[in-house]
**Student:** 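One structure, as structure tokens, below. Some questions next.
Counting begins at 1 with the first residue of the sequence. Indexing begins at 1, ligand by ligand and atom by atom, following the structure's order. Quick caveat, the model's predicted, so the values are computed rather than measured.
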Amino acid sequence: MSSEQSNPTAGERTDTETRETAEEAGFTLPSLSVNRRGFMKAGAAAGALGSLAGCTSMLSSDGNGDDGTVEAAGADHTIPPRELDEYYGFLSGGHSGNIRVYGIPSMREIMQIPVFNRESARGYGFDDETREMLEDAGGYTWGDTHHPRLSQTDNDYDGRFAYVNDKANGRMARINLKYFETDAIVDIPNQQGTHGACARLPDTDLIFGVGEFRVPVPNDGRDLEDPDAYGSVIAAINPESMNVEWEVLVDGNMDNGDGGKEGRWFFATGYNSEGATNEEGMTRDDRDMVKAFDLPAIEEAVEAGEYEMINDVPVVDGRKDSPLNEGDDPIVYYIPTPKSPHGVSVTPDNKYAIASGKLDPTASVIEIDMIDEVDDPADAIVGRPQLGLGPLHTAYDGRGHAYTTLFIDSQVVKWDIEAAVEAEPGSESPVIEKIDVHYNPGHLIAAESYTADPAGDWLISLNKLSKDRFLPVGPMHPENDQLIYIGDDEEGMQLMKDSPAYAEPHDASICHRSKIEPASTYDPEDLELEPTAKGDESIERDGDRVTVEMYSERNQFGFEEIIVNEGDTVEMKVTNIETTSDILHSVAIPEYDINVKVAPQETRKVTFEADKPGVYWFYCGFFCSALHLEMRSRLIVRAAE
Ligand code: CUK
Ligand code: CUA
């Protein structure tokens, strides 16, 4: 095979093409010159890969990086029939409002979990319980999920919950990983645009939501024309009750967040320290603030009553001129960082918080233990490697390397963390290699990167633009999530697969399959509603309220007909009495806009007004058996006199 074909990183673009992509993406390139080609090691990687061809059966003969699937030496991302993926990937769905569950490394989407969106296949937002949950959480019909984070115990995934933010409407949701379903949502007071999200570690005893948009606090009509009085808050949420325990008000916008691994610190990046309301003003200054929140100090202030109660939440004042920030032990340290820093993530060893410059070609390496020791918080920045244009997010392999997305350069850069601490600020020497991605990556995520012990084998670059990588489907393109193998430091990063995604994944968490144990049928003990056994079905009337309790099984519902009167309120409860996994039924009621899924041993209830007289064949929406089409009954609504 030719070296051109065997090298997954081949097919470089010219700088002109990169520039065009960047400009189409709405970015004006800063006037600095970074030699993005200087780091490529294409020839070397190709040669080494070729020489391995004789000693591994996993090597494909014609992988070329452009057909969407390649195999590299020592790594195989293909999962043959009967075999399972090694990891779960939880990718946010962005403004689709959901979470997508991927198998990794195959990159197959294996499930969707609706969170802030209504979703008919699951009946999410249709049955009483989920409809009320969405209504209590503000009644919005959509959300913007960005940062799915999984619960941890002792800095490792415990398989219990995932949490995800709603950047649009200021909410946080919890997903129960026994059933892979959303079980709680909190509408966070005093926060508009909950962006960053993560847990306090090591044991997930708080969930943080980072408020992005500066607004009047409370946002009740005061200070409308006075942006100087606007503020943003971080919210600390109890992961069990999902109540907001306290908030901290700060200056400037906040963006992403990550917690230290030992429970003391929480970090939020930010932009617009200028306090402006337009782009020009927001990008005026060369430095912006990473805020380091001293959590025990904040909790002490809450204990001591040093807060203002706003919308039933204790709000601690963490603005620069707050009395709580006077002296040597402020509750919030403002660390000046270039320039409008976007992503922040704490290294697996809890030594550094690394913030990406976004509008500056460097990342800032903040040494966590120095934050409260130095006189000037800026001195806690101990490294500032020059990475490339538009650094956004950083992930880890557990071997001392960081991987950062370069949005403008359309690359992922691998660099050495300790080398960055040793090197002069602005040095390119900590950079180990760069790989082209297609195109314009936002987040990237490595397997178990958010734990203390990353797996170090797979990495996904979540690219915002796919351009020409898939069959054209009209003006709206899919995103492109690219799988990269990072398990071989000699070979370097290997691009393995293009995987289209519907708009629009931001962040993800990747967890080894051994750490999650989903149920295959429901345990009725976990559900609020009592199941209805076969033989116990009933229809009862109380005034104009009709209560139906029925079961479903292959191939019938508990009743062949249900007769009600126009104007009745109908409460229909249904239990799927199957004990066999994967045999789902639903109750789909035509023209009443209802579809409620019931998985084996699940009980759900839907309440509706019988306001349309007529005959309605309610049917099962899941193809459950050969007689599935026969699985239907009549809802008969008698016309009022
Ligand atoms: S953000 Cu989307 S690419 Cu919401 Cu973490 Cu950076
Ligand atoms: Cu039950 Cu189809």
Side-chain angles (χ1 to χ4, degrees), residues 25 27 91-96 121 123 143-149 164-168 193-198 208-213 253-258 267-271 340-345 355-359 390-395 404-408 412 437 440-445 449-450 460-465 479-481 501 503-509 550-558 574-578 580 582-588 595-600 602 617-633:
F27 268 69
L91 280 72
S92 59
H95 39 136
S96 292
D144 190 1
T145 58
H146 281 219
H147 301 107
R149 295 292 186 101
V164 70
N165 67 303
D166 173 10
K167 160 154 167 160
T194 301
H195 191 205
C198 73
F208 295 107
V210 180
E212 177 165 356
F213 302 128
N253 289 60
M254 285 184 286
D255 196 358
N256 281 283
D258 198 20
F267 303 94
T269 52
Y271 57 101
S340 301
H342 181 62
V344 61
S345 53
S356 307
K358 190 170 81 176
L359 303 183
L392 289 189
H393 291 282
T394 299
T404 301
T405 45
L406 302 174
F407 181 86
I408 299 174
V412 168
V437 295
N440 303 90
H443 271 270
L444 79 181
I445 182 69
S449 178
Y450 289 128
I460 304 173
S461 175
L462 295 103
N463 306 322
K464 297 300 183 188
L465 307 188
E479 320 280 300
N480 187 10
D481 299 336
E504 113 163 59
H506 282 255
D507 194 9
S509 286
M550 65 177 185
Y551 63 88
S552 62
E553 66 173 348
R554 284 162 287 174
N555 306 290
Q556 60 185 4
F557 295 105
V574 57
T575 300
N576 178 340
I577 61 171
E578 309 275 358
T580 313
D582 207 7
I583 303 298
L584 279 76
H585 305 294
S586 85
V587 183
N595 187 37
V596 174
K597 162 227 86 172
V598 272
E602 183 177 19
W617 284 100
F618 64 92
Y619 70 99
C620 168
F622 287 93
F623 205 106
C624 51
S625 78
L627 287 168
H628 151 76
L629 289 177
E630 286 76 3
M631 184 171 174
R632 55 193 166 113
S633 300

**Student:** Are a donor atom and an acceptor atom from the side chains of Thr394 and Ser345 found within less than 3.5 Å of each other?
**Tutor:** no

**Student:** Could you list which atoms of ligand 1 come closer than 4.0 Å to a heavy atom of His393?
**Tutor:**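 Near His393, the atoms of ligand 1 are 1 (S), 3 (S), 5 (Cu), 6 (Cu).
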
**Student:** For the residue pair Pro441 and Ser461, what are the closest heavy atoms and their distance?
**Tutor:** CB-OG, 3.4 Å

**Student:** Measure from atom 1 (Cu) of ligand 2 to every N/O/S atom of His585 and report the name of the nearest one.
**Tutor:**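 Going by distance to atom 1 (Cu) of ligand 2, the closest N, O or S atom in His585 is ND1.
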
**Student:** Between His585 and Glu578, is any side-chain donor less than 3.5 angstrom from a side-chain acceptor?
**Tutor:** yes

**Student:** Please tell me whether His195 and His146 have a donor and an acceptor in their side chains that are separated by less than 3.5 angstrom.
**Tutor:**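 A pair is found: one side chain offers a donor N or O, the other an acceptor, under 3.5 Å apart.
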
**Student:** How about OH on Tyr619, more than 12 heavy atoms from neighbouring residues, nucleotides or ligands closer than 6.0 Å, or not?
**Tutor:**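 Result for OH/Tyr619: open.
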
**Student:** Return the number of protein N, O or S atoms with a distance to atom 4 (Cu) of ligand 1 smaller than 2.8 Å.
**Tutor:** 2

**Student:** For His147 and His443, does a side-chain donor sit closer than 3.5 Å to a side-chain acceptor?
**Tutor:** yes

**Student:** Aromatic ring centroids of His628 and Phe623 under 6.0 Å?
**Tutor:** yes

**Student:** Whether the Ser92 and Asp507 side chains hold a donor-acceptor pair (N or O, under 3.5 Å, no angle test) is what I'd like checked.
**Tutor:**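 The answer is no; no qualifying pair exists.
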
**Student:** Any N/O/S atom of Met631 sitting less than 2.8 Å from atom 1 (Cu) of ligand 2, backbone or side chain?
**Tutor:** yes

**Student:** Is any N, O or S atom of His628 under 2.8 Å away from atom 1 (Cu) of ligand 2?
**Tutor:**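 So His628 does not count as coordinating atom 1 (Cu) of ligand 2.
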
